[in-house]
Structure formats: structure tokens, C-alpha cells
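Working notes for the structure below.
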Amino acid sequence: MMNKKWATKRITLNLASGEAEKLERYCQQTGRPATDVIRELIRGLPIQMQTDLNPIEQNYSTTIGQLRT
């Protein structure tokens, strides 16, 4: 059995032609593969740790919190 460094999930990403060109130019300028660039961008995304609430409850609690301030 092969030991994998990454648990993988394949994602298809649809980009407008301008977005694809920008990504390609960036990759050429930096010498980095698109996968690494996209992975780094995803890792930099801010997330909220409210895993115990479903999306509707999260939205409701955010709205109520905004009303209280």
C-alpha cells in the first residue's frame, strides 16, 4: 500500500478566459504550478469556526448579533 502525502479531492474549476490567462501568466512569472498557487489561496481564506450550527442557523445568529450591536 502506498503512503500518500496528501488526501486528495479533484476539483474542476471554471474560469473566464481573462482569469485563466492571469493565472497562467502568474505561474509563468513565478515558476509555480497552478495547483500550488490555488492551494495557497485557499489556505489563506478566512473561516468561521461555527461547526455546530447549520448554514441557516449561522445566518440567523449573525443577523441577531448584528441587531444587538
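Computed from heavy atoms alone, side chains included, the values below leave out hydrogens, waters and symmetry copies. Each residue takes its place number in the sequence, starting with 1.
Applying the side chain to side chain donor-acceptor pair (under 3.5 Å) test to residues at least two apart or on different chains, the pairs with a partner in residues 12-35 are Arg32-Glu40.
Residues Leu15 and Leu41 fall within the same hydrophobic cluster, defined by Ile, Leu, Val, Met, Phe, Trp and Tyr side chains chained together at heavy-atom separations under 4.5 Å.
Remark: Ile38 engages Leu13, Leu23, Ile42 in a side chain to side chain contact (heavy atoms under 4.5 Å, CB included) (not counting sequence neighbours).
Nearest heavy-atom pair across Pro33 and Cys27 is C-SG, 4.0 Å.
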